[in-house]
Amino acid sequence: MLLAKVYVTLKKAILDPQGKAIAASLHALDYAEVSEVRMGKYLEVRLQGVSPSQAEHRVEEMCQRLLANQVIEDFRFEIIQEERGTPQ
Amino acid sequence: MLLAKVYVTLKKAILDPQGKAIAASLHALDYAEVSEVRMGKYLEVRLQGVSPSQAEHRVEEMCQRLLANQVIEDFRFEIIQEERGTPQ
Amino acid sequence: MKWGVVTFPGSNDDRDSLYCLDTVLAQHAVALWHKDPDLHGVDAIVLPGGYSYGDYLRCGALARFSPVMHSVIEFAQAGGPVLGMCNGFQILCEAGLLPGALVRNQSLLYVGDWVRVRVENTRTVFTTACQDKEILALPIKHGEGCYVADRPTLQSLEDNGQVVFRYANAAGEIDPAANPNGSLNNIAGITNRQANVVGLMPHPEHAVEALLGGEDGRKLFCSLLS
Amino acid sequence: MAPTVTLQLAEDHGLTADEYDHILQLLGHPPSFEELGVFSVMWSEHCSYKSSRRFLSQLPTTGPAILQGPGENAGIVDIGDGLAVVFKIESHNHPSFIEPYHGAATGVGGILRDVFTMGARPIASLNSLRFGAPDHPRTPYLVKGVVAGIGGYGNSVGVPTVGGEVSFDPGYNGNILVNAFTLGVVRTDRIFRARAAGAGNPVMYVGSRTGRDGIHGASLLASREFDARSEELRPAVQVGDPFTENLLIEACLELMQRDLIVAIQDMGAAGLTSSSVEMAGRGGTGFSLNLDTIPVREEGITPYELLLSESQERMLLVAKAGCEEDVRAIFARWDLPAVVVGHVTDDARFRAEWQGQEVVSIPVSALTDEAPAYERPAGPPVDLAIRQSLDLTSIPVPTDYNHIVLQLLRSPNLASKEWVYRQYDALVCGNTVVPSGSDAAVIRIKGTKTGIGLSVDCNSRYCLQDPYRGAVIAVAESARNLAVSGARAVALSDCLNFGNPEKPEVMWQFQQAIAGMRDACDALGLAVVSGNVSFYNETAGTAIPPTPTVAMVGILPDVARHVTQWFKQPGDVIILLGETLEELGASEYLSVIHGQVAGLPPSVDLAQEKRLQDLCIHAAQEQLLSSAHDVAEGGLAIALAEACTTGPGPGIGGHVTFAEPLCGSLRYDALLFGESQSRVVISLPAENVSRLQTLARAASVACTVLGEVGGTALDITGVIQLPVAQLQHEWRTALARQIGL
Ligand SMILES: Nc1ncnc2c1ncn2[C@@H]1O[C@H](COP(=O)(O)OP(=O)(O)O)[C@@H](O)[C@H]1O
Ligand SMILES: [Mg+2]
């Protein structure tokens with residue numbers, strides 16, 4: 001089975017209220033070393049019966065059509081082989 | 001500058017309506033090869049003035065205390081060196 | 001009887017809770033500020049609804065670390081009455097004062113409506129004024145009110161009678177169709193072992209005036225007065 | 001390096017050659033790049049109202065209770081007890097089409113700031129939504145996104161959404177409408193205005209830091225037609241932060257309890273520039289800003305971007321000299337930055353310096369008074385006569401009316417909007433007496449007996465067929481929605497959504513609508529106290545149906561005497577107030593059942609309308625009524641069906657028999673589904689009937705006994721027999737089914 005790990009992040013210039021609030025809390029917890037937090041999405045998409053190369057192009061398409069909102073988000077993904085039934 | 005990439009995922013036992021909904025929409029868009037979608041969080045935490053080994057231990061702590069709720073979530077993270085001003 | 005209502009940044013129903021307590025129920029109620037660990041000698045604490053810190057990481061996650069919460073946790077552990085409504089319930093879970101967690105509604109939609117809950121435990125400090133199995137009409141308004149816990153936790157909750165409220169239908173039956181958010185076992189509210197800390201997703205503070213739709217919520221506050 | 005300014009560059013900024021010449025004259029030299037940016041936004045349609053100013057002045061804006069009409073951030077109406085309500089409606093159409101969630105969310109955030117900037121605590125919001133055809137592929141995505149965005153922001157910021165409207169029409173396929181309304185309450189002695197004063201007083205910036213959000217939102221997004229190029233404008237979309245807005249509200253209201261500031265204004269469209277220019281303009285002063293001091297979110301932001309950024313959750317205020325520290329302290333308590341970014345001057349110029357050099361120096365009047373104002377050519381569409389003609393004989397009189405009632409209840413325009421408003425927090429603030437679900441929302445004002453009635457309305461099909469009549473009806477219906485709820489309409493805020501004003505037929509529609517609103521307001525004794533004009537709602541050259549949305553505000557002296565629209569008590573007598581004419585033009589029935597948009601909208605006799613509304617209010621005050629529901633889209637049959645089904649719980653039936661003169665005189669479909677105005681279905685205990693009839697006679701309002709409340713079916717003798725359970729199920733579930741939500 002193939003596992004596509006999809007990372008969806010806010011475009012650089014777009015305000016990230018969540019990241020901002022999390023960074024503030026981390027500072028309040030004395031993690032002064034934290035300079036910035038950006039919040040994104042991580043999706044695990046499991047695929048069956050397609051070749052890695054097909055998957056490449058299908059997942060790219062899924063991201064563009066549904067998984068990422070390209071008005072405000074960027075995405076990237078990687079595809080790995082997964083031994084049956086051991087999704088991590 | 002150090003970049004900690006933190007992945008927070010729902011525990012297997014916890015059902016994931018968002019993942020389900022996304023899988024359903026993907027099927028509706030004829031991505032029949034999709035067998036499962038799990039929705040998680042992806043955080044980019046930028047750190048300054050700490051060594052990679054300190055960072056390891058600090059980020060572990062941040063995850064346990066704040067970034068993940070271990071009642072329902074698992075987390076993992078990796079820490080990479082980032083050239084100034086080119087966050088990806 | 002002196003009540004304290006905590007205001008976190010992003011709290012919304014804090015003013016409504018104060019109005020409910022001092023104006024409607026004629027109680028002595030004071031606002032507690034998230035940055036101030038001093039509880040000002042209150043006898044009971046309300047953690048109100050809203051979106052503390054925007055609920056930006058997880059609902060209630062960021063609030064639990066605010067200075068006042070350290071005192072609230074001590075207060076609760078010493079047996080002080082603490083009522084968490086909606087976001088307050090989420091904060092109590094994040095703070096570990098109550099087991100389990102509240103996640104996204106199964107429908108993935110925010111739900112604002114009036115529901116019925118059945119009182120399952122009349123021995124908590126906030127339900128002594130209720131009849132056993134009494135049905136209360138209360139409003140809900142949340143996007144993340146689906147109560148979850150792992151099997152053992154859920155089992156012990158049930159075994160110890162820590163489930164205080166369940167979503168029920170008009171006939172008072174625990175009907176999946178009456179469950180607005182997918183909570184396990186139709187759980188709407190729970191208590192801790194000592195029964196001094198109660199958290200629920202519905203908003204009793206918004207059900208204390210007939211003009212505004214109902215008065216069943218009074219029972220929770222009056223329990224502490226009787 | 002800033003580009004050198006040319007006519008070409010000016011035109012890329014949406015300015016015309018003539019406008020550019022005018023700028024050269026006003027300045028006496030070519031503008032700097034920054035100055036060009038400032039002119040382009042201040043002279044944009046969105047900020048300057050250049051096509052609409054002349055006509056807006058026809059609207060009545062004053063009245064005994066009116067404390068503030070148009071010209072400030074929001075209108076203000078005195079409600080007694082030393083209190084006033086502050087309200088405004090505003091559009092966020094184009095951003096919501098590009099990014100429905102954040103577009104709608106930031107629309108809510110923006111209107112909230114317009115209200116609390118005047119010192120009022122926001123306590124209720126409404127929203128008016130227009131989407132394309134139910135079966136248009138983009139419609140479900142837009143509906144879900146917009147509704148989630150309104151809820152996501154409004155719920156989080158802690159202001160209840162208590163009412164609104166949603167409708168669907170192919171005319172909005174490429175250009176949806178999202179109009180957001182907020183009402184706040186303020187002590188009359190604590191009203192703040194945005195008039196800068198006192199040369200030397202510090203100008204302070206509070207709230208979120210400035211990023212590159214929405215550069216040119218005003219000039220490019222809100223003031224241009226929509227086309228493929230809009231894709232390139234995507235970066236112009238802004239993300240809102242309701243959490244910060246929540247803190248901003250609390251901090252500003254705390255600030256306003258003290259005597260520390262002279263003026264305050266939100267940074268909305270055209271951000272720092274417009275708020276500075278407007279505050280200086282109203283106060284007849286100048287502004288000098290040091291752009292190096294603006295709190296920024298990212299590095300390398302240019303002065304041009306600083307001036308034009310539309311980053312959300314920001315306010316600009318003029319503090320009293322010496323009070324800076326106190327202001328800072330209050331915002332620090334809420335973890336918000338408050339920074340001195342300039343000062344008020346007495347030279348009536350808008351100046352901005354950056355890194356030691358002056359990048360902007362423009363006479364304020366050049367940006368306000370001197371802004372262009374056009375009287376654009378106007379004329380009716382060529383096909384108007386054809387569109388307005390309707391030959392009823394060509395419309396077959398149906399046989400199975402049960403079927404038609406069900407079909408109408410399933411039409412997304414008539415179906416329950418519960419799917420929408422269940423996603424809103426209607427209760428926070430603890431004032432909501434009647435939330436979404438009845439003709440008008442009713443909220444109570446704490447510490448008084450007073451209630452406020454709220455309703456937002458516009459039937460754009462009526463407006464398309466006859467913009468004058470459509471606008472009259474929009475005003476009349478929203479006031480009627482209040483009257484049936486027991487509230488007397490006092491004032492309104494309007495959101496005028498139209499196509500490209502450079503097209504004569506659009507300008508004609510606009511002028512007709514203004515005239516209609518004016519006449520209706522005069523007849524009903526209403527004032528327009530705030531509003532917003534949204535032009536260029538077009539896609540690929542097609543204008544939306546004219547949509548002059550009316551948000552009405554009214555008062556109940558005793559909130560306990562409010563009335564809701566559903567039947568309550570078996571045995572109550574059902575009465576129809578008002579007269580039914582043979583009017584099927586532009587009706588929902590004609591469009592849903594016969595697939596036609598044709599004919600004139602129903603006629604309105606405004607004097608009759610006024611008497612009807614006074615009667616309803618009077619009857620409510622005497623507590624004669626169990627329910628009152630105005631007859632609107634779908635006509636009498638649907639009004640009766642709604643009275644049976646829309647209440648909490650399983651609903652309750654009604655038995656109705658039509659006697660002379662109602663039946664016989666007109667077609668049955670006109671009787672059942674015609675949308676004649678000035679009609680209300682009421683139910684009341686038998687013992688109150690004679691009193692009501694006396695009042696009706698005195699008011700010369702037709703008063704026809706229709707039947708009796710009771711049973712489990714809607715039963716209209718001889719024509720309709722439907723179980724309430726079935727009606728309710730169809731009505732409740734239709735929207736999600738029809739749209740695929
Ligand atoms: N977008 C919305 N947000 C909140 N409430 C809404 C919305 N759309 C409709 N409603 C509510 O649904 C009910 C029916 O709306 P509508 O048919 O427009 O009423 P009316 O025809 O009397 O103006 C009203 O109570 C209205 O407030
Ligand atoms: Mg109505």
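Just so it is clear, the model here is predicted, and its values are computed rather than measured. Heavy-atom basis, side chains included; hydrogens, waters and symmetry copies ignored. Below, chains carry the letters A, B, ... as their sequence lines are ordered, and counting in each starts from 1.
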Peer 1: Determine, for C/Arg118 against C/Glu134, whether the closest basic-nitrogen to carboxylate-oxygen distance falls under 4.0 angstrom.
Peer 2: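 Result for this pair is no, no salt bridge flagged.
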
Peer 1: Under 4.5 Å, counting heavy-atom pairs only, tell me which of D/His562, D/Lys446, D/Arg422, D/Gln423 racks up the most with chain C.
Peer 2: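 When all of D/His562, D/Lys446, D/Arg422, D/Gln423 are compared, D/Arg422 has the most.
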
Peer 1: What's the separation between atom CD in C/Glu120 and atom CZ in C/Arg166, rounded to the nearest 0.5 Å?
Peer 2: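 One finds 4.5 Å between CD of C/Glu120 and CZ of C/Arg166.
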
Peer 1: Does anything in residues 5-13 of chain C reach chain D? List residues with heavy atoms under 4.5 Å apart, or say none.
Peer 2: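 Expected list: C/Pro9, C/Gly10, C/Ser11, C/Asn12, C/Asp13.
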
Peer 1: Using non-hydrogen atoms only, which part of C/Glu209 is less than 4.5 Å away from chain D: side chain, backbone, both, or neither?
Peer 2: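 For C/Glu209, the side chain is the part near chain D, not the backbone.
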
Peer 1: Name, in order of residue number, those residues of residues 176-188 of chain C that have a heavy atom at a distance of less than 4.5 Å from a heavy atom in chain D; otherwise write 'none'.
Peer 2: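 None at all.
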
Peer 1: Nearest heavy-atom pair of C/Ala29 and C/Leu18: which atoms, and what distance?
Peer 2: CB-CD2, 3.9 Å

Peer 1: Dump the intermediate steps for side chain to side chain contact (heavy atoms under 4.5 Å, CB included) on C/Val117 and C/Ile135, then the final yes or no.
Peer 2: CA-CA 6 Å; C/Val117 297; C/Ile135 303 297; over 6 Å; no

Peer 1: Can you tell me how far CG of D/Leu255 sits from CH2 of D/Trp334, rounded to the nearest 0.5 angstrom?
Peer 2: 13.0 Å

Peer 1: For each of D/Asp425, D/Leu247, D/Asn246, tally heavy-atom pairs with chain C at distances under 4.5 Å, and name the one with the top tally.
Peer 2: D/Asp425

Peer 1: Taking the six-membered ring for Trp, are the ring centroids of D/Trp419 and D/Trp731 within less than 6.0 Å of each other?
Peer 2: no

Peer 1: Can we say C/Glu144 and C/Arg58 salt-bridge, meaning some charged N sits less than 4.0 Å from an Asp/Glu carboxylate O?
Peer 2: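 The answer is no: the pair does not qualify as a salt bridge.
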
Peer 1: May I ask you to establish whether C/Lys141 and C/Tyr110 are in a cation-pi arrangement, using a distance under 6.0 Å from NZ or CZ to the six-membered ring centre and at most 45° from the ring axis?
Peer 2: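 The answer is no; the distance or angle limit is not met.
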
Peer 1: Can you confirm whether the side chains of D/Ser125 and D/Thr182 place a donor and an acceptor under 3.5 Å from each other?
Peer 2: yes

Peer 1: Heavy-atom distances under 4.5 Å only: say whether D/Asn431 touches chain C with side chain, backbone, both or neither.
Peer 2: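 Contact with chain C is through the backbone of D/Asn431 alone.
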
Peer 1: Please look at D/Arg444 and chain C and tell me whether the side chain, the backbone, both or neither of the residue comes under 4.5 angstrom of a heavy atom of that chain.
Peer 2: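 Side chain only.
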
Peer 1: Between D/Glu250 and C/Arg15, is there a salt bridge with N-O shorter than 4.0 Å?
Peer 2: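 Yes, this pair counts.
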
Peer 1: Heavy-atom distance under 4.5 Å to chain C: side chain of D/Ser156, backbone, both or neither?
Peer 2: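 Contact with chain C: backbone and side chain both.
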
Peer 1: For D/Leu427, is it the side chain, the backbone, both, or neither that has a heavy atom closer than 4.5 Å to a heavy atom of chain C?
Peer 2: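 Its backbone and side chain both get close to chain C.
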
Peer 1: Around atom NZ of C/Lys133, are there more than 12 heavy atoms of other residues, nucleotides or ligands at under 6.0 Å?
Peer 2: yes

Peer 1: What's the separation between atom CG in D/Asp213 and atom NE2 in D/His102, rounded to the nearest 0.5 Å?
Peer 2: 11.0 Å

Peer 1: Can you tell me which portion of D/Glu418 sits under 4.5 Å from chain C's heavy atoms? Options are side chain, backbone, both or neither.
Peer 2: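 Looking at D/Glu418, nothing touches chain C.
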
Peer 1: Do we see a donor-acceptor contact under 3.5 Å between the side chains of C/Tyr19 and C/Glu205?
Peer 2: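 On atom types as modelled, these side chains do not qualify, holding no pair under 3.5 Å.
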
Peer 1: For C/Met69 and C/Arg64, work out which heavy atoms get closest and say how close.
Peer 2: CB-O, 3.2 Å

Peer 1: Using a cut-off of under 4.5 Å on heavy-atom pairs, state which of D/Val442, D/Val433, D/Asn155, D/Val159 scores highest against chain C.
Peer 2: D/Asn155

